[in-house]
K.L.:
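Dumping the structure here so I can ask a few things about it.
Chain identifiers are assigned alphabetically (A, B, ...) following the order of the sequence lines, protein sequences preceding nucleic acid strands; residue numbering begins at 1 within each chain. All of these numbers come straight from a predicted model, not from anything done at the bench.
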Number of protein chains: 2
Amino acid sequence: MGVSLKDIAERAGVSLATVSNVVNGYRPVGEATRLRVQQAIDELGYSPNLSARHLRSGRTGIVVLAIPELNNPYFAELAGAAIREAAGLGYTLVMEDTAGDRDKELILATGSRLQVMDGLIFSPVSITREEVLARSVSTPLVLIGEGVYDVPHDHIAIDNIAASHAAVQHLVSLDRHRIAFIGSQPGDLRQSAHLRFLGYREALAAAGLPFEDDLVVSTAQFGRMDGLRAMRSLLDLPRPPDAVFAYNDLIAIGALRAIGEAGRRIPDDIAVIGIDDIEDGRFSTPTLTTVAPDKEYIGRLAVQALIARIEGKPVSPPYDVQPPFRLITRESTLGGLRPIR
Amino acid sequence: MGVSLKDIAERAGVSLATVSNVVNGYRPVGEATRLRVQQAIDELGYSPNLSARHLRSGRTGIVVLAIPELNNPYFAELAGAAIREAAGLGYTLVMEDTAGDRDKELILATGSRLQVMDGLIFSPVSITREEVLARSVSTPLVLIGEGVYDVPHDHIAIDNIAASHAAVQHLVSLDRHRIAFIGSQPGDLRQSAHLRFLGYREALAAAGLPFEDDLVVSTAQFGRMDGLRAMRSLLDLPRPPDAVFAYNDLIAIGALRAIGEAGRRIPDDIAVIGIDDIEDGRFSTPTLTTVAPDKEYIGRLAVQALIARIEGKPVSPPYDVQPPFRLITRESTLGGLRPIR
DNA sequence: GTGAAAGCGCTAACAT
DNA sequence: ATGTTAGCGCTTTCAC
C-alpha cells in the first residue's frame, strides 16, 4: 500500500488527527505544526486513501450520470459539462450507458448498485413513473429529460411542448402546410417523443392546419439511420410533406440525407427542423435549423442540485426546472447558403 | 448505512467468514448453510460495500479512461466499447476529459490521483516520452493513440503512417496531383499529426508527386471549425488543391462545408478523405471517404490489457498492438450519389 | 466446513 | 491546539 496518515504522523511527530486536520481542514492547526506536517506529506508523497475515507464517512464521492445513448452528441456534450461541474465540486462522475434498456434502468432506479454511489443523475426512457415512485432507497436522484414526471425528485427538462410548438410554428411561418413529424413512439416509450408530438399537434391546430396520420412516422431508435428510413417512407407517400419536424437533430440529419438522395431540394421542396443543436447540424449541408436547449446549463445544474441533496443542503421541495431553449434558424428552413460565421 | 455482512451473519446464525464465502466463493460452504445464508441475503437485500472491500484488498475497482476530447465522436464511440468491457470484467470505468491540457496529463501520468484508481488507459497528446518514463508509480498504464512511443507500457495504436499512406494513395489512384494535408501541428503537439504527415509525404513521394509547403495547413485543435478555417485558407491559394487529406473526420467534415460554401464540387473539383469513420461521415452530404480504425477492438483490448496487468496475470513484456484499419470509400472521393445501404 | 479476530486507513467524538 | 480511540465493512489467517 502507499503512504498512510500514520506514516506522516510519525514523520512529523504529531498525531493522526492533526495530520487529518491539515489535510481536510476540519479543525484549525497551528502554523508551525501545519508546516511540519505539510513537509512530511510532500516528502513522502502522501495522498489520501479514498476507500478508507469513504468507508468511514459513508460516502463514496461518486455520482453516476446514466444516459440512454453515449453516442448521441447531445448527451456527450451534456456529459462534458456535468463531468467538469462534478470535478469542480470534488466529486467523481461515472457515466453509465443504459441504452434505454428497461432492466438496466430498473436496477439503477431501485438502487441495487447504490453502495457505490452517493447520487444519481438519470435520464430514463423505458421506466414508468410508478417504478420510480416505488423506489425505496434514499440515495438522492435527479431526473433529466422527459422520461418521467411528477415524482418527488429534482427534475430538469425543457418544456417539450413549448419547444416543439416553437419548431412547428417556425415551419408554419414559412408557409408550410403539410408538416410531418418523425420520431413518435409506439406506446409510451420515451415520453418526450409523446410530448413533442403533442406540441406538434398543438401548433398545427393553432395554425388551423389539419392533422394527418400519414405524416407522423415512428422510429425504433433515435439515430441518423432511423431518420433516414422514416424520411424515405415519407417521400414514398402519394403527397409527401413540404416540411419535417424531427424529434431530434440526429433524426433530422438522417432526414436531410434521405431528401438529398431523393433529389428533392431543402428547403424549397421540404424544410427540416430538429431539436438539440448538436454540432453536426452546424456543419451539415445544408446546415440544420434547430431548437437549442442549454446543455451546459442542464449538465451543471443537475450536478449542483444532486450534490446539494447529497450534502443535505436544501430543505426545499424538489426543484422542477425548465431550462431555456431558443430557436436557431439555419439553411434547412431558411434556404440560401449562409457561410458559417 | 445499508445491510452489512454482520446483519446477514446474525440473521442466518453463522459467522461473518461464512457469509463472505457464500458471497465470494473463496472457500467451499456446506449446501444447507449456503441456502440459509442466501435466503438471508435475499430477504435483507444485501449488497457488499465496495469501499470496505477495496480498503481491505487494496484495490478500488476503478479504472480511468483519459481522453483529450469527449466531444469527438471517435472517442465517444471508443469509450462506449471500453465502458462495456470494463463493466463485464467487474470494473467501473471513469472517464476523464483532459482537453489535451498538459498539467492535467502530467497529474494523470505521474499518478497523484492514483489512490483512486487501479489503472489508467491514457490517450496523451501534450506530454512527452520522457515525462512518461519519469513516472514512478506502479499503477498499470495502457497507452492508446500516438502521443508517446517506446515506453515500457502496453500500447495500442494503428499504424498511422500506413493508414495515412493508404488514404493518400487512394487520392493518388483517383489521379489527384495537388493533394493537401490539414491538421499538421506546429511543434510536436499531438504526435499522431506528425505521423500522419509523414505518411502523407511518403505516399506523395511514392507516387512521384512533389511536396508543396503551401498545401499543408496546421490547425489549433482538431474539430470541425478547424477544418473549415483551414480549408478556406487552402481555397484562397492561387492554385488550390484538387484533393484534401484531413487528420481526422471532424476536420474533413469542416472541409466539406468550406468547399461547398465556396461553390466548388466534391469530388470533381476537390476530393476529401479523413480518418476515424465517425458516424457523421456516413450521413454527411456528400458522404465521407475515410480510413476506419477498429474502435470497438481498441476499446475492448485496452481494457483487457489493463485489467490483466492489474490482476497480475501477464509476465509478458508490454504489448504493442497495431489494430487493423481499412479504407472505406464514399462519395467525397468517388463521387456520384450512393444511397446509404 | 466453520468460527474468531486482526487490521486495512480514515474520521469524528471525546479528552486534554 | 492537539492527542486518543472506537469503529466503518470487509477479507483473510489461524484456529478448531
Side-chain angles (χ1 to χ4, degrees), chain A residues 1-41 44-62 90 112-118 310-312, chain B residues 1-38 40-41 44-62 90 112-118 311-312:
Chain A
M1 300 246 64
V3 183
S4 77
L5 270 193
K6 200 171 143 214
D7 299 326
I8 304 296
E10 282 169 5
R11 172 79 157 224
V14 296
S15 77
L16 272 179
T18 299
V19 181
S20 174
N21 284 319
V22 169
V23 175
N24 299 298
Y26 294 135
R27 294 194 304 193
V29 177
E31 199 45 35
T33 324
R34 137 163 292 118
L35 243 54
R36 244 180 325 130
V37 170
Q38 189 57 54
Q39 193 181 352
I41 288 177
L44 269 49
Y46 168 78
S47 73
N49 178 317
L50 294 194
S51 293
R53 175 180 288 176
H54 295 148
L55 172 58
R56 181 57 227 234
S57 67
R59 301 234 187 96
T60 64
I62 290 177
S112 310
R113 244 190 98 175
L114 87 164
Q115 295 260 20
V116 225
M117 62 187 181
D118 289 345
I310 291 172
E311 299 183 344
Chain B
M1 300 247 66
V3 182
S4 78
L5 271 194
K6 199 171 142 214
D7 299 326
I8 305 297
E10 282 169 7
R11 172 79 157 225
V14 296
S15 79
L16 273 180
T18 299
V19 181
S20 176
N21 283 320
V22 169
V23 174
N24 300 298
Y26 294 135
R27 293 193 306 195
V29 177
E31 198 45 37
T33 323
R34 135 163 293 115
L35 241 54
R36 236 173 339 122
V37 171
Q38 190 56 55
I41 288 178
L44 268 48
Y46 167 78
S47 74
N49 178 319
L50 293 194
S51 292
R53 174 178 288 176
H54 295 146
L55 172 57
R56 183 57 226 233
S57 65
R59 299 232 189 97
T60 64
I62 289 177
S112 311
R113 247 189 94 176
L114 87 164
Q115 295 260 19
V116 224
M117 61 187 179
D118 289 345
E311 298 182 346

K.L.:
What is the distance, rounded to the nearest whole Å, between atom CG of Leu55(A) and atom P of dT11(D)?
P.N.:
12 Å
K.L.:
Within this structure, what is the OH-to-C1' distance between Tyr46(B) and dG9(D), rounded to whole angstrom?
P.N.:
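Going from OH in Tyr46(B) over to C1' in dG9(D) covers 7 Å.
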K.L.:
Atom CG of Leu50(A) to atom C1' of dG9(C): distance rounded to whole Å?
P.N.:
11 Å
K.L.:
Atom CG of Asn24(B) to atom P of dT11(D): distance rounded to whole Å?
P.N.:
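Those two atoms, CG and P, are 5 Å apart.
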K.L.:
Toward the 5' end of DNA chain C, which comes first, Leu5(A) or Arg27(A), by nearest nucleotide?
P.N.:
Leu5(A)
K.L.:
Measure CZ/Arg56(B) against P/dG7(C) and give the value in whole Å, please.
P.N.:
10 Å
K.L.:
Given dT2(C), dC10(D), dA12(C), which nucleotide is nearest the side-chain atoms of Tyr26(A)?
P.N.:
dA12(C)
K.L.:
By nearest nucleotide on DNA chain D, pick out whichever of Pro28(A) and Leu16(A) is the more 5' one.
P.N.:
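The residue whose closest nucleotide sits nearer the 5' end is Pro28(A).
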K.L.:
Measure from CZ on Arg59(B) to P on dG9(D) and round the result to the nearest Å.
P.N.:
23 Å
K.L.:
From C-beta outward on Ala52(B), which listed nucleotide comes closest to its side chain: dC10(D), dC10(C), dT2(D)?
P.N.:
dC10(D)
K.L.:
Just the rounded figure in Å: distance from C1' of dA4(C) to CG of Asn21(B).
P.N.:
14 Å
K.L.:
Nearest-Å distance, NE2 (His54(B)) to C1' (dC8(D))?
P.N.:
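Distance, rounded to whole Å: 16 Å.
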K.L.:
Using a 4.0 Å heavy-atom cut-off, does Ser57(A) contact any base of the nucleic acid, only the sugar-phosphate backbone, or nothing at all?
P.N.:
nothing
K.L.:
Given Ile8(A), which partner from the list Val14(A), Val19(A), Val22(A), Val23(A) fulfils the side chain to side chain contact (heavy atoms under 4.5 Å, CB included) test?
P.N.:
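Per the side chain to side chain contact (heavy atoms under 4.5 Å, CB included) rule, the option paired with Ile8(A) is Val19(A), out of Val14(A), Val19(A), Val22(A), Val23(A).
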